[in-house]
Protein chains: 2
Amino acid sequence: MTRSTEQTIVEAAILVLNEDYSAPLERVAEQAGVTRRTLHRYFTGREELLACCAREMQRSCREALTQALASSPEPLVQLEHMLYAGIDCGAKYAFFTKLHTRPDHQHAPGQAADCAEYDALQARCRAVITRLQHDGRISAHLPAEWVLLLLSGVVKTTIDARMVGATEPHLRQFAWFSFSKGIGL
Amino acid sequence: MTRSTEQTIVEAAILVLNEDYSAPLERVAEQAGVTRRTLHRYFTGREELLACCAREMQRSCREALTQALASSPEPLVQLEHMLYAGIDCGAKYAFFTKLHTRPDHQHAPGQAADCAEYDALQARCRAVITRLQHDGRISAHLPAEWVLLLLSGVVKTTIDARMVGATEPHLRQFAWFSFSKGIGL
DNA sequence: TGAAGATGTCTCAAATATGAGACATCTTGC
DNA sequence: GCAAGATGTCTCATATTTGAGACATCTTCA
């Protein structure tokens, strides 16, 4: 199962490097339940590992978001599912947005496409929000930027709550309650 | 101005290490506008620097929270000022809570007191929340834990928004709007 | 069973991070 | 202008991290 080990390492890397970006790769291998030597067999170095993480996060977030948007023509339902999509992606979502909002985020050659897709995903989210605002369903005095950031914030809060040990089915309800009310629904 | 340089380094360390916990100290020195050599004159190593950061974050958060609670006998006003206190502390608040909620957070000798104070501050916040819930001012179906986490989350969101470049006076209004509605006010 | 593929162990060289000594230089208050 | 204190520069030794070769072991499937 070559594919599985590589995938395990990438998942581990996303978890660890999201918490501690410069953590030694030993820590990633540990989290993956693998030797550092094995990690290096799959990834030449941190750069390559990070690139694979970026691709995986992008793939996962794109898929989850696409499903959320396809779940209903009703933007309010779409918004709710967007929130759940972020929660389900967990660290992948958190790390993905973190990487693309860092102040030192430089567009290295080959990463430009990634950034373009990030922007595209962001745009699709914004469209849902502005439409709701236009229809007067949610508060229009909040900038769409703030609503997007709040969405991320509530997702991260939900992840935190899960780590502290909160019961799962209620978490989504709390998250949607707080987010929807928080944007003036 | 011996005091000032030390303080500058600590502030820089809080900013940098909050973003990237294992970042090389060179990065901290850079942020402080100082040489690595100078940093090492004030702090023997990462441990000591982190301990000073912890003390500074604790001091700053304690002071801000205390002022917030003293601002009014009305718990709703206290809550609003608690939010603003977190926003004003910025990275100090974010890093402070991060350090004390990490899963690998072990109580080294000498840090037990810090954790006790963190718990004490947390308890004071929780008291305000439970009182509001008891009085039926905010939604009682949300656990106080969730409300506390949401408070942190909105503070972090506000910090993110500020970094992206949002206009300051509105930010607080957005933050309080989203947080207060989000807890069912 | 046994050959192929995957992983662990041991080892090592290179790169990077850390901590500090020695001394020059740069403020600052007198 | 100068003495004291603070900081920068250059340098070095040590520690940690990184990347990979060589080989043993372990799994698995025909």
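The sequence lines fix the lettering, A, B, ..., with proteins before strands; numbering per chain opens at 1.
Phosphate contact (OP1/OP2 of D/dG8, side-chain N/O of B/T38, threshold under 4.0 Å): present. A/Y42 has no side-chain polar atom (N or O) that falls below the 4.0 Å cut-off from OP1 or OP2 of C/dA6.
Atom CD of B/E26 is separated from atom P of C/dT18 by 9 Å (rounded to the nearest Å). Nucleotide D/dG19 holds its C1' atom 11 Å from the CG atom of A/L39, rounded to whole Å. For the pair A/E47 CD and D/dT18 P, the interatomic distance rounds to 12 Å; values are reported in whole Å. Between the P atom of C/dT18 and the CG atom of B/L25 lies a distance of 4 Å, rounded to the nearest Å. Summarising the geometry, the separation between CZ on B/R27 and P on C/dT18 is reported as 10 Å, rounded to the nearest angstrom. For the pair A/E30 CD and C/dG8 P, the interatomic distance rounds to 13 Å; values are reported in whole Å. When rounded to the nearest whole Å, the span between CD1 of B/I9 and C1' of D/dT7 equals 10 Å.
Checked against C/dT7, C/dG19, D/dG19, the side chain of A/T5 finds its nearest nucleotide in C/dT7. Closest approach to the B/P24 side chain among C/dA20, C/dC10, C/dT18 is made by C/dT18 (side chain taken as heavy atoms from C-beta onward). The side chain of A/V34 approaches C/dG8 more closely than any other nucleotide in the set C/dG19, C/dG8, D/dG21. With distances taken from any side-chain atom of A/H40 to the nucleotides C/dT18, D/dT7, D/dG19, the minimum falls on D/dG19. Of all nucleotides listed (C/dT7, D/dT7, C/dG19), C/dG19 comes nearest to the side chain of B/R36.
Distance alone, capped at 3.5 Å, places no donor-acceptor pair between the B/S60 side chain and the B/M57 backbone. A/Q78 places a side-chain N or O within donor-acceptor distance of the main-chain N or O of A/L69, the cut-off being under 3.5 Å.
Nucleic acid contact for B/R46: sugar-phosphate only, since backbone atoms but no base atoms lie under 4.0 Å from a heavy atom of the residue. Counting non-hydrogen atoms under 4.0 angstrom, B/T35 reaches a base of the nucleic acid. Residue contacts shown for A/R41 include a base, since a base heavy atom lies under 4.0 Å away.
No more than 12 heavy-atom neighbours from other residues, nucleotides or ligands sit within 6.0 angstrom of CZ on A/R131.
No option in A/R37, A/R36, A/R46 other than A/R36 meets the salt bridge (charged side-chain N to carboxylate O under 4.0 Å, His left out) test with A/E26.
Within the model, atoms OG of A/S178 and CH2 of B/W146 stand 5.5 Å from one another, a figure rounded to the nearest 0.5 Å.
Nearest-nucleotide positions on DNA chain D for B/G33 and A/A23 put B/G33 closer to the 5' end.
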